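I have placed the structure first, in the form of structure tokens, so that the comments after it can refer back to it.
This structure is a prediction, so every number in the text was calculated from the model and none was measured.
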Amino acid sequence: MTEPLSNGAVYQSVPESYVLPEHQRPRSSPPSSAAAIPVVDLGGDDPDRTAEQIVAAGKEFGFFQVINHGVAEDVMASMMSAAEEFFRLPTDEKMVHYSTDSTKLPRFHTSVGKEQEKVLYWRDCLKIGCYPFEEFRHRWPEKPAGLGAALEAYTAAVRSVALRVLRLAASGLGLEDEAHFEGGELTAGPVVMNVNHYVACPDPSLTLGIAPHCDPNVVTVLMDNGVRGLQARRRRGEGEGGGWVDVDPPPGALVVNFGHQMEAVTNGRVRAGEHRAVTSARAARTSLAAFVMPAMGYVVSPAPGVVAEGEALLFRSYTYQEFVSVYTAATGNRDAVLARFRNNNG
Ligand code: OGA
Ligand code: NI
């Protein structure tokens, strides 16, 4: 068992077990001198233009921020307060949910949450199965009071944002069936949420909250408490490193990123947004990442109409279950994961 960071301790220095080897520290890979993460107005009156913007952001970053998304301010605020309140609970009340079994829901863990970790990441996390509500509701943590109600309202709202984004993406990619991503098997799995908490860190240059990764699912909707920490990697072409860009959402905005499955079903037209979380010396950061995913048995392959005649397929087809197993074993490392699914087209 690894002691969670949110145990009331005030850290004067970074405990040795959290100090990353030099080549993994945040400053060992360059910041991007270019561009900020695009902001997409979902309330605009030109859906074709919105769709274009989503596809363009999907190509460059796999990341964008949405405004006028229709999620009520109080729904966002209640969810965030319940989340922050959870991490203020006495340690033993959080530990009721502690597990190193990555399939357990809900599950409280720290760092990556594996049994044996060489170096620890500066993060505590409560992972909750959210949707379908009938399946998960009876397992939601009882404390803090109000978490369940907040979760239900928030999950329903951000799930519909995710589905709207997928419809727009299908339209922006010129799919004949605009509901192909949104309505079908691709989003028929559960919605699971990482409630991440990064306590203030005395020396952010030595630590990371989360190592670079792409999310394994289809699309993720994220909000945070306004403390900066999320960074997205800008990629230009295969093999080019690109640089890290701060994702610093304007108040009220939500952050959207595509996961590995969007890259696969679009045959790379949009990419999975690679990201990491740096720590903050200033304040504790809380973030909520809601993952929309396929059912485990879904066979992932390019959407009809995406692939041009004669175009090489980037990935072999596979079940989402297989993907998740490989991903978990590789702890999310993008190159290690994709090496197992790429076609060798030469
Ligand atoms: C995640 C994640 C980033 C953040 O939970 O998968 O990448 O900003 N979170 O906390
Ligand atoms: Ni992530």
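At a cut-off of 3.5 Å, with distance as the only test, no side-chain donor of S99 or D101 sits close to an acceptor on the other residue. Between the side chains of S6 and H197, no donor-acceptor pair is found at a separation under 3.5 Å.
The same ILVMFWY cluster, assembled from side-chain heavy atoms under 4.5 Å apart, contains both V158 and I54. L186 is connected to Y327 through a chain of hydrophobic side-chain contacts under 4.5 Å among Ile, Leu, Val, Met, Phe, Trp and Tyr, so both are in one cluster. Put simply, Y121 and Y18 are part of two different groups of oily side chains (I, L, V, M, F, W, Y) that touch within less than 4.5 Å, one to the next. A continuous path of ILVMFWY side-chain contacts below 4.5 Å connects V71 to M193, so both sit in one hydrophobic cluster. Hydrophobic clustering, with ILVMFWY side chains joined whenever heavy atoms are under 4.5 angstrom apart, keeps V324 apart from V112.
Here CG of D41 is found 10.0 Å from CZ of R49. Values are rounded to the nearest 0.5 Å. The distance from atom CD of E60 to atom CD1 of I37, rounded to the nearest 0.5 Å, is 8.0 Å. Taking SG from C130 and OH from Y154, the interatomic distance works out to 10.0 Å, rounded to the nearest 0.5 Å. Atoms CE and CG, from M223 and L254 in turn, are 7.0 Å apart once rounded to the nearest 0.5 Å. Note: T110 OG1 to K94 NZ = 10.0 Å, rounded to the nearest 0.5 Å. Rounding to the nearest 0.5 angstrom, the gap separating the CZ atom in R269 from the CG atom in L314 is 8.5 Å.
Ring geometry for F86 versus H97: interplanar angle of 30 to 60°, hence tilted. Between Y131 and F133, the ring planes are perpendicular. Angles over 60° get that label, and only those under 30° would be called parallel. Taking the six-membered ring where the residue is Trp, W122 and Y11 present perpendicular rings, their angle passing 60° and hence far from 30°.
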Worked check of side chain to side chain contact (heavy atoms under 4.5 Å, CB included) between T220 and V256: CA-CA 6 Å; T220 303; V256 178; over 6 Å; no
Full working for side chain to side chain contact (heavy atoms under 4.5 Å, CB included) between V165 and H69: CA-CA 10 Å; V165 162; H69 43 61; over 6 Å; no
Criterion side chain to side chain contact (heavy atoms under 4.5 Å, CB included) on L120 and T2, from CA distance to verdict: CA-CA 9 Å; L120 295 169; T2 310; 3.7 Å; yes
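You'll find the side chain of T100 stays beyond 4.5 Å of the side chain of H109, heavy atoms only. At a threshold of 4.5 Å between non-hydrogen side-chain atoms, the residues D215 and H275 count as touching. No side-chain heavy atom of L126 sits less than 4.5 Å from a side-chain heavy atom of R107. Contact check for V278 versus P204: no side-chain heavy atoms found under the 4.5 Å cut-off. Contact of the F181 side chain with the R167 side chain is not registered, since no non-hydrogen atoms from C-beta on lie closer than 4.5 Å. Residues S205 and R25 fail the side-chain proximity criterion, which asks for heavy atoms closer than 4.5 Å. With contacts defined as side-chain heavy-atom distances shorter than 4.5 Å, the pair V219/L166 qualifies. The closest side-chain heavy-atom distance from N217 to H260 is not below 4.5 Å.
When the shell of 6.0 Å around NZ of K104 is examined, it contains more than 12 heavy atoms from other residues, nucleotides or ligands. For CZ of R340, the number of neighbouring non-hydrogen atoms (other residues, nucleotides, ligands) closer than 6.0 Å is 12 at most. Residue-environment remark: CZ (R316) exceeds the threshold of 12 foreign heavy atoms within 6.0 Å.
The backbone N or O of A157 sits less than 3.5 Å from a side-chain atom of S160, completing a donor-acceptor pair. Counting only distance, with no hydrogens or angles, the side chain of H23 and the backbone of P21 share no donor-acceptor pair below 3.5 Å.
Residue F258 is tested with F291, F64, F61, F63 for a ring-ring contact (aromatic ring centres under 6.0 Å, His included); the sole match is F64. Remark: of the listed residues N196, V247, D248, V247 is the sole one forming a side chain to side chain contact (heavy atoms under 4.5 Å, CB included) with L230.
Figure legend: cation-pi geometry between R276 and W244, with NZ or CZ positioned under 6.0 Å from the six-membered ring centre and within 45° of its axis.
The hydrophobic cluster around I67 extends to V39, counting ILVMFWY residues whose side-chain heavy atoms fall within less than 4.5 Å of a member. Under a 4.5 Å side-chain heavy-atom cut-off, the cluster of Ile, Leu, Val, Met, Phe, Trp and Tyr residues that includes V96 has no other member.
Checked against the 6.0 Å centroid criterion, the rings of F323 and Y318 qualify as a close aromatic pair.
Electrostatic pairing of R334 and E263 counts as a salt bridge here, judged by a charged N lying under 4.0 Å from a carboxylate O.
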